[in-house]
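Everything on this sheet refers to the single structure shown next.
A quick note: this is a predicted structure, and the numbers were derived from the prediction, not measured.
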Amino acid sequence: MKNPFAYSADNKRYHTYDFYLKRTFGAKVAKIPLDAGFSCPNIDGTKGTGGCTYCSGRGSGDFAGNAAQSPVEQFAAMRERAWRKWPGCETIAYFQAHTNTYAPVAVLRDTFEPVLRQPGVVGLSIATRPDALEEDVLDYLAELAGRTRLCVELGLQSVHEATARRINRCHSYAEFLQGLRRLRARDIPVCVHLINGLPGETQEMMLETARAVSALDIQFVKIHLLHVLRGTPIERELAAGAFELMEQQAYVDTVCDQLELLRPDIVIQRLTGDGARDSLVGPLWSLRKRAVLCAVDKELARRNSFQGRLCACGGHTAAKT
């Protein structure tokens with residue numbers, strides 16, 4: 001069956017990050033996750049304490065480098081791992097753990113610039129919160145965007161305020177929209193993180209989040225599965241029977257429904273998520289990442305569908321990605 005999706009060079013019916021990177025750089029590019037030791041306004045009491053209920057002590061950087069090392073040392077070690085898999089590939093430095101704009105600009109410069117100077121670095125991804133973007137930080141990010149391929153990653157997870165309160169996100173959807181507007185006003189590309197399977201969310205709520213995000217001026221999306229880690233507040237909720245984990249087929253069906261609603265120009269950086277094996281409570285099927293991705297491919301092919309098929313596409317289109 002012929003693939004009906006334009007943003008693809010293989011059997012994928014969605015706009016993969018690999019396709020975007022190869023089209024942009026003409027070569028394989030690996031993303032190198034780093035932990036620069038930043039904190040978070042949702043941990044230190046500025047906005048809240050304890051962090052989001054699903055977040056581990058490493059601030060969603062469980063697969064990042066060793067925070068006891070400098071970012072440059074982490075980068076060198078993690079790049080060696082990437083080179084064993086893809087010899088000599090170019091790299092994007094990904095500051096993943098906690099809130100990576102939650103510091104004075106001088107500290108951010110001292111953190112980002114040495115890594116940007118490493119051989120083979122062609123871009124920079126910075127994970128942060130929409131309420132941790134001071135004006136001088138935004139100006140510095142705009143400067144970075146003029147010198148390298150920059151992407152700022154914002155953790156939205158859901159557009160629903162009831163969900164935000166339940167997961168202790170400690171910023172509103174309105175604050176997210178304001179942060180997004182301020183980034184895009186400076187022509188800074190943005191990746192939005194979504195999580196399927198959050199407590200209290202129905203499938204229709206997850207689809208409503210996809211519809212809303214598709215209408216925004218964003219360039220990338222990461223779709224994650226809620227996975228529960230030991231020692232987190234959400235583990236206690238699960239143990240108390242307050243919600244149930246998603247089954248694999250329900251997750252696959254939801255992801256395919258969301259892809260059909262997302263604009264075809266939006267690059268999909270992730271379609272699932274998993275935790276470290278030694279700390280993962282569940283769903284255990286999430287460890288079989290390749291099987292999940294294959295199931296998404298098969299379901300889209302079964303439907304003869306593709307990303308954007310049901311999208312109204314009256315929102316923004318990709319600008320500088």
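- Under the 4.5 Å side-chain heavy-atom criterion for Ile, Leu, Val, Met, Phe, Trp and Tyr, Val159 and Leu310 are members of distinct hydrophobic clusters.
- A salt bridge does not link Arg129 with Glu175: none of the charged nitrogens is closer than 4.0 Å to a carboxylate oxygen.
- In terms of modelled atom types and a separation under 3.5 Å, the side chain of Arg303 and the main chain of Ser305 share no donor-acceptor contact.
- Checked by atom type and distance alone, the side chain of Gln96 never pairs as donor or acceptor with a backbone atom of Ala127 at under 3.5 Å.
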*Could you check Tyr17 against Arg270 for side chain to side chain contact (heavy atoms under 4.5 Å, CB included), going step by step and ending with a plain yes or no?*
CA-CA 8 Å; Tyr17 193 41; Arg270 288 190 71 117; over 6 Å; no
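- Side-chain contact between Val221 and Val267 is absent, with no heavy atoms from C-beta onward closer than 4.5 Å.
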*Passes side-chain hydrogen bond (donor to acceptor under 3.5 Å, both in side chains), Gln307 versus Lys12? Steps please.*
CA-CA 10 Å; Gln307 182 180 336; Lys12 301 295 185 182; over 6 Å; no
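- Here Glu204 pairs with Arg211 in a salt bridge; the nearest charged N to carboxylate O distance falls below 4.0 Å.
- Ionic pairing of Arg147 and Glu113 is present here: one or more N-O contacts between side-chain nitrogen and carboxylate oxygen are shorter than 4.0 angstrom.
- Ring-centre distance between Tyr7 and Phe5: below the 6.0 Å cut-off.
- Among all heavy-atom pairs drawn from Cys311 and Leu261, the shortest one is CB-O, 3.4 Å.
- Minimum heavy-atom separation, Cys256 to Val296: SG-O, 3.8 Å.
- Between Phe38 and Thr111 there is a side-chain heavy-atom pair separated by less than 4.5 Å.
- Using a cutoff of 4.0 Å between basic side-chain nitrogens and carboxylate oxygens, Arg181 and Asp217 are not scored as salt-bridged.
- Asn66 and Gln74 share no donor-acceptor pair across their side chains, judged by distance under 3.5 Å alone.
- Taking the six-membered ring for Trp and the full ring otherwise, the centers of His98 and Tyr102 sit at least 6.0 Å from each other.
- Here Arg84 does not pair with Glu80 in a salt bridge; the nearest charged N to carboxylate O distance is not below 4.0 Å.
- When every heavy atom of Met78 is checked against every heavy atom of Pro33, the shortest pair comes out as CE-CG, 3.7 Å.
- When the side-chain contact (heavy atoms from CB on, under 4.5 Å) test is applied to Pro130, the partners found at least two apart in sequence or on another chain are Leu154, His171, Phe176.
- The pair Arg230-Glu235 fails the salt-bridge criterion, with no side-chain N (NZ, NE, NH1 or NH2) lying under 4.0 Å from an Asp/Glu carboxylate O.
- The number of heavy-atom neighbours closer than 6.0 Å to CD of Glu247, taken from other residues, nucleotides and ligands shown, is 12 or below.
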*asked:* Quick one, Glu153 with His193, criterion side-chain hydrogen bond (donor to acceptor under 3.5 Å, both in side chains). Give me CA distance, side-chain angles, the key distance, then yes/no.
replied: CA-CA 7 Å; Glu153 304 194 16; His193 291 224; 2.6 Å; yes
*Going through the distances and angles, do Ile234 and Tyr54 end up as a side chain to side chain contact (heavy atoms under 4.5 Å, CB included)?*
CA-CA 5 Å; Ile234 210 167; Tyr54 53 79; 4.2 Å; yes
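- The residues Arg79 and Glu90 are annotated as not salt-bridged, no charged nitrogen and carboxylate oxygen being separated by less than 4.0 angstrom.
- Looking at heavy atoms from C-beta onward, Gln118 lies in side-chain contact with Val72 at the 4.5 angstrom threshold.
- At a cut-off of 3.5 Å, with distance as the only test, no side-chain donor of Glu237 or Thr53 sits close to an acceptor on the other residue.
- Placement of Phe19 and Leu300 in two distinct hydrophobic clusters is found when ILVMFWY residues are connected by side-chain heavy-atom separations under 4.5 Å, directly or transitively.
- Phe95 and Pro71 make their closest contact through CE2-CB, 4.1 Å (heavy atoms, listed as atom of the first residue, atom of the second, distance).
- Residues Asp253 and Glu299 meet the side-chain proximity criterion, which asks for heavy atoms closer than 4.5 Å.
- Under the 4.5 Å side-chain criterion, counting only non-hydrogen atoms from C-beta, Ile195 is not in contact with Ser158.
- Here the shortest heavy-atom pairing between Val192 and Val213 reads CG1-CG2, 4.5 Å.
- Arg13 has no carboxylate O lying under 4.0 Å from a charged side-chain N of Asp297, or vice versa, which leaves the two without a salt bridge.
- Looking at heavy atoms from C-beta onward, His224 lies out of side-chain contact with Leu194 at the 4.5 angstrom threshold.
- Side-chain atoms of Thr99 do not come within 3.5 Å of backbone N or O of Thr128 as any donor-acceptor pair.
- Expressed to the nearest 0.5 Å, how far OG1 of Thr101 lies from CG of Leu141 amounts to 7.0 Å.
- Here the closest non-hydrogen pair linking Ala93 and Val115 is CB-CG1, 3.5 Å.
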*Given the rule in the side chain to side chain contact (heavy atoms under 4.5 Å, CB included) test, do Leu133 and Arg182 qualify, once you have shown the distances and angles that lead to the verdict?*
CA-CA 9 Å; Leu133 296 167; Arg182 295 168 74 206; 4.2 Å; yes
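- Two rings, from Tyr14 and Phe306, have their centers 6.0 Å or more apart.
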*Kindly determine whether Leu271 and Leu259 satisfy side chain to side chain contact (heavy atoms under 4.5 Å, CB included), including the steps that lead there.*
CA-CA 10 Å; Leu271 273 189; Leu259 288 173; 4.1 Å; yes
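- Between the side chain of Arg263 and the backbone N or O of Ser214 there is at least one donor-acceptor pair closer than 3.5 Å.
- A 4.5 Å side-chain heavy-atom check between Leu262 and Ile268 finds at least one atom pair inside the cut-off.
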*Apply salt bridge (charged side-chain N to carboxylate O under 4.0 Å, His left out) to the pair Arg109 and Glu143, showing each step before the final yes or no.*
CA-CA 11 Å; Arg109 285 187 182 275; Glu143 176 194 325; 2.6 Å; yes
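- Taking a 6.0 Å sphere around CD of Glu134, one finds it holds 12 or fewer heavy atoms contributed by other residues, nucleotides or ligands.
- A donor-acceptor contact shorter than 3.5 Å is absent between the side chain of Arg236 and the backbone of Ala240.
- Checking Val255, Thr272, Leu225 one by one against Asn196, the side chain to side chain contact (heavy atoms under 4.5 Å, CB included) holds for a single residue, Val255.
- Using modelled atom types and a 3.5 Å distance limit, the side chains of His160 and Glu208 yield no donor-acceptor pair.
- A salt bridge links Lys28 with Asp18: at least one charged nitrogen is closer than 4.0 Å to a carboxylate oxygen.
- Counting only distance, with no hydrogens or angles, the side chain of Lys47 and the backbone of Cys170 share a donor-acceptor pair below 3.5 Å.
- With a 4.5 Å cut-off on side-chain heavy atoms, Leu216 and Leu177 count as touching.
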